[in-house]
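Written below as structure tokens is the structure these notes are about.
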Amino acid sequence: MSLALYNTLTRSREPFVPLDQGRVRMYVCGPTVYGHSHLGHAKSYVSFDVIVRYLRFLGYQVLYVQNITDVGHLSDDADEGEDKIENLSRTRQVHPMQIAEQYTHSYFEDMDALNVIRPDISPRASGHVIEQIEMIRKLINLGFAYEANCSVYFDVQRFAGYGKLSGRRPEELEAGARVDVNPDKRHPGDFALWKRAEKGHIMRWPSPWGEGFPGWHIECSAMAMKYLGESIDIHGGGLENQFPHHECEIAQSEAATGRPFVRYWLHNNMVTVDGRKMGKSLGNFLTLKDAFVRWAPQVVRFFILQSHYRSTLDFSEAALEGAAKGLERLNAARRAVRDRLREAPDQGSPGAVDLEKHRLAFLAAMNDDVNTPQAVAVLFELSREINAAFSSGTPLPAALLREIDALFESLAGTVLGLTLEQAPSGRAGDQPLESRLMDLLIALRGTLRAQKLWPLADMIRNGLSEAGVTLEDGKQGTTWKRTS
RNA sequence: GGCGACGUACCCAAGUGGUAAGGGAGAGGUCUGCAAAACCUUUAUGCGGCGGUUCGAAUCCGCCCGUCGCCUCCA
């Protein structure tokens, strides 16, 4: 049993075998930093985060590169549009790099909150203009690109493999009604590698073809190859970037090196709202900062993991609420394990819960093209079995409880990035002042309850509830937790 | 118009030939002063429709209906 991934290039599920044994070179298209990240970004980067985490869990040494696009991404057609970031900088009267920096910070802030492990390298496009120029020059020398009117275009007709990822041929593009006529291009499908900077354009660099800036597609090829080599194992990105972005990446990279650029192309699907894509252009997006006001980042992460990365995920308040409750169920299970651990006997029947069965089921799900919803289902099944064992009355031995706890930590924590039961909660014996005050209130209420002074007892419970603390009366005494 | 997906219960969502995972909601129950939480049980003879292949189909094939994505920027 080993990891299989769905490769867009071959449109099939393939066993994952990296180029070098034990090492994985992985590149994922990062954000264009001209706005706060939204739920769609979260789905993409959480999905790839889990893939990276799982590869590392399997023992691979992963080098994970994810770019930050801070120049060259045009707001419209690749010939007419303006640079998105420069656009915004004009409106706000600040330097484009200030815009890029602001939203780069914002991006990492959100990803940190989602417990997304940072990439090993986060190269900025503007910091790699030299590499991009070098690559463009090479493409011209090899006859795959041509200069026209101080801009440089890739000649799609010269590259035989153009279309192998998306299934689209240059001939078909020509038939499309929406390809703009650009007299500089030899073929309507040719794409810009370097753009001439018009008067007033702030982001500009000197080049052999005059002052200008790099096209959008070239950055990923140049940076991926700089840090990962000419052939990489995994390239990830959003489904909507399959064409033209990734198709162009393949063309320019393979034309330049003559070698296969990417072995496994992975594409994640998008978040929808009422069945429609969540996107900036549609204006139906929810930024993560807004989402986090309502739902904890962990809940958002969990919500994402409950669907497959290649499936669309439909957003709704009800769906998020459902995820929040489900996550709490897993939390409760682990909390119960830890609570019992305090008074667990050293001896007992260790065979009460078959951990190995669940561990293997979890791995089987993950090996099957990173089926996180299935893996999450295994966690629920594990939880149910543990709870059943608890309610049967027979105390589980400490060694088994520690094993269960470790299994949660490993599968839910290390692999899925879910930090179960981090919210402060407690029973007698905890250290901080908050806990000691809670102990006092609980003891006071306990006395009132013993005297059947219900109104006074409820006054404490209701007051704490308003302060964001929930009391729960259980068999083994009263516990409290924050309700956020 | 071209290319490509998808349609599974009230909602979200797994499942690519062997007789429908999981979560939420709903219902019943245990516990409780009440409550909350937790736990247990339960909830699709059915997988958009109609045909076909097969011993057997949500899964494969064909047609139809519906929704969406890409072809212009988007994770």
Side-chain angles (χ1 to χ4, degrees), chain A residues 8 11 13 28-32 34-35 37-48 73-81 84 163 166-169 171-173 175-180 189 216 236-245 267-272 275-282 285 302-303 306-308 310-316 318-330 332-333 335-336 361 365 368 371-381 383-384 387-388 390-391 449 452-454 457-458 461-462 465 470-475 479 481 483:
Chain A
T8 310
R11 313 237 163 219
R13 202 168 297 201
V28 169
C29 286
T32 299
Y34 70 110
S37 302
H38 57 70
L39 226 42
H41 295 96
K43 174 164 162 66
S44 179
Y45 300 120
V46 164
S47 297
F48 289 116
H73 203 162
L74 305 185
S75 63
D76 207 296
D77 176 274
D79 306 309
E80 307 290 327
K84 292 176 167 185
S166 60
R168 242 170 282 240
R169 320 299 308 185
E171 310 84 67
E172 290 162 359
L173 296 177
R178 308 183 72 165
V179 176
D180 280 2
W216 176 40
L239 203 58
E240 74 282 350
N241 277 336
Q242 215 175 87
F243 188 89
H245 187 53
H267 288 98
N268 74 281
N269 218 315
M270 60 221 126
V271 175
T272 57
R276 298 196 92 90
K277 172 183 177 175
M278 178 180 281
K280 283 182 179 165
S281 51
L282 293 172
F285 65 95
F302 182 70
F303 172 64
Q306 272 191 302
S307 84
H308 190 90
R310 283 194 295 112
S311 302
T312 54
L313 172 61
D314 203 52
F315 164 81
S316 68
L320 255 301
E321 282 310 320
K325 296 230 175 101
L327 181 61
E328 175 49 31
R329 210 170 120 80
L330 292 181
R335 192 159 52 224
D368 182 16
N371 193 334
T372 56
Q374 196 60 251
V376 166
V378 172
L379 294 181
F380 278 110
E381 275 154 20
S383 299
R384 199 198 312 133
N387 291 327
F390 285 159
S391 46
R449 291 177 72 209
K452 298 192 190 298
L453 297 170
W454 309 127
D458 289 348
R461 186 172 65 194
N462 295 338
S465 172
T470 301
L471 292 187
E472 291 171 3
D473 298 329
K475 271 183 187 166
T479 60
K481 68 174 179 183
T483 29

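Numbered from 1 within each chain, the chains take letters A, B, ... in sequence-line order. As the structure is a computational prediction, the values presented were derived from the model and not from experiment.
- With rounding to whole Å, A:N269 atom CG is found 14 Å from B:G7 atom C1'.
- At a threshold of 4.0 angstrom between heavy atoms, the contacts of A:E381 are confined to the sugar-phosphate backbone, with no base atom among them.
- If you check every strand for non-hydrogen atoms under 4.0 Å, A:S47 touches nothing.
- At the heavy-atom level, A:L313 lies under 4.0 Å from the strands shown only through sugar-phosphate atoms.
- When the P atom of B:A37 is taken as reference, atom CG of A:D473 falls 13 Å away, rounded to whole Å.
- Of all nucleotides present, only B:G69 satisfies the Watson-Crick or G-U wobble test against B:C3, with each distance under 3.5 Å.
- Heavy atoms of A:R449 sit under 4.0 angstrom from at least one base atom.
- At the heavy-atom level, A:Q374 lies under 4.0 Å from base atoms of the strands shown.
- Among the heavy atoms of the strands lying under 4.0 Å from A:V271 is at least one base atom, whether or not backbone atoms are also near.
- Side-chain nitrogen and oxygen atoms of A:K325 include at least one within less than 4.0 Å of the OP1 or OP2 phosphate oxygen of B:A25.
- Within the model, atoms CG of A:L313 and CE of A:M278 stand 9.0 Å from one another, a figure rounded to the nearest 0.5 Å.
- Distances shown here put every side-chain N or O of A:R168 at or beyond 4.0 Å from the OP1 or OP2 atom of B:C71.
- Using a 4.0 Å heavy-atom distance criterion, A:S166 is classed as a sugar-phosphate-only contact.
- The shortest heavy-atom contact between A:P373 and A:S307 is CG-C, 3.5 Å.
- Among the heavy atoms of the strands lying under 4.0 Å from A:N241 are primed sugar atoms or P, OP1, OP2 only; no base atom is included.
- The backbone N or O of A:R461 sits nowhere less than 3.5 Å from a side-chain atom of A:S465 that would complete a donor-acceptor pair.
- As a whole-Å value, the separation of A:R329 CZ from B:A25 P is 10 Å.
- The shortest heavy-atom contact between A:K280 and A:F285 is CA-CD2, 3.8 Å.
- Rounded to a whole Å, the NE2 atom of A:H308 is 11 Å from the P atom of B:U16.
- As judged by a 4.0 angstrom heavy-atom cut-off over every strand, A:H38 is placed among the base-contacting residues.
- Residue-level contact check: A:F48 touches neither bases nor backbone, having no heavy atom under 4.0 Å from any strand.
- Here A:K277 does not reach the OP1 or OP2 of B:A75: none of its side-chain N or O atoms lies under 4.0 Å away.
- Note: NE2 (A:H245) to P (B:A75) measures 10 Å, nearest angstrom.
- OP1 or OP2 of B:C6 has not a single side-chain nitrogen or oxygen of A:S311 nearer than 4.0 Å.
- Note: CG (A:N462) to C1' (B:C34) measures 11 Å, nearest angstrom.
- Looking only at atom types and distance, the side chain of A:S311 has no donor-acceptor partner in the side chain of A:N269 under 3.5 Å away.
- Put simply, CZ on A:R461 is 7 Å from C1' on B:A36, counting in whole angstrom units.
- With RNA chain B read from its 5' end, the first of the two nearest nucleotides for A:A377 and A:A333 is the one closest to A:A377.
- Among the protein residues, A:G40 comes within range of the nucleic acid bases, having at least one heavy atom under 4.0 Å from a base atom.
- Stacking between A:W454 and B:G33 is shown: the ring centroid lies under 5.5 Å from the centre of the six-membered base ring, and the planes differ by under 30°.
- Per the geometry, CG belonging to A:D368 stands 18 Å off P belonging to B:A13, to the nearest Å.
- Between A:V271 and A:H38, the closest side-chain pair of non-hydrogen atoms is not below 4.5 Å.
- Considering only side-chain N and O atoms, A:N387 lies under 4.0 angstrom from the phosphate OP1 or OP2 of B:C39.
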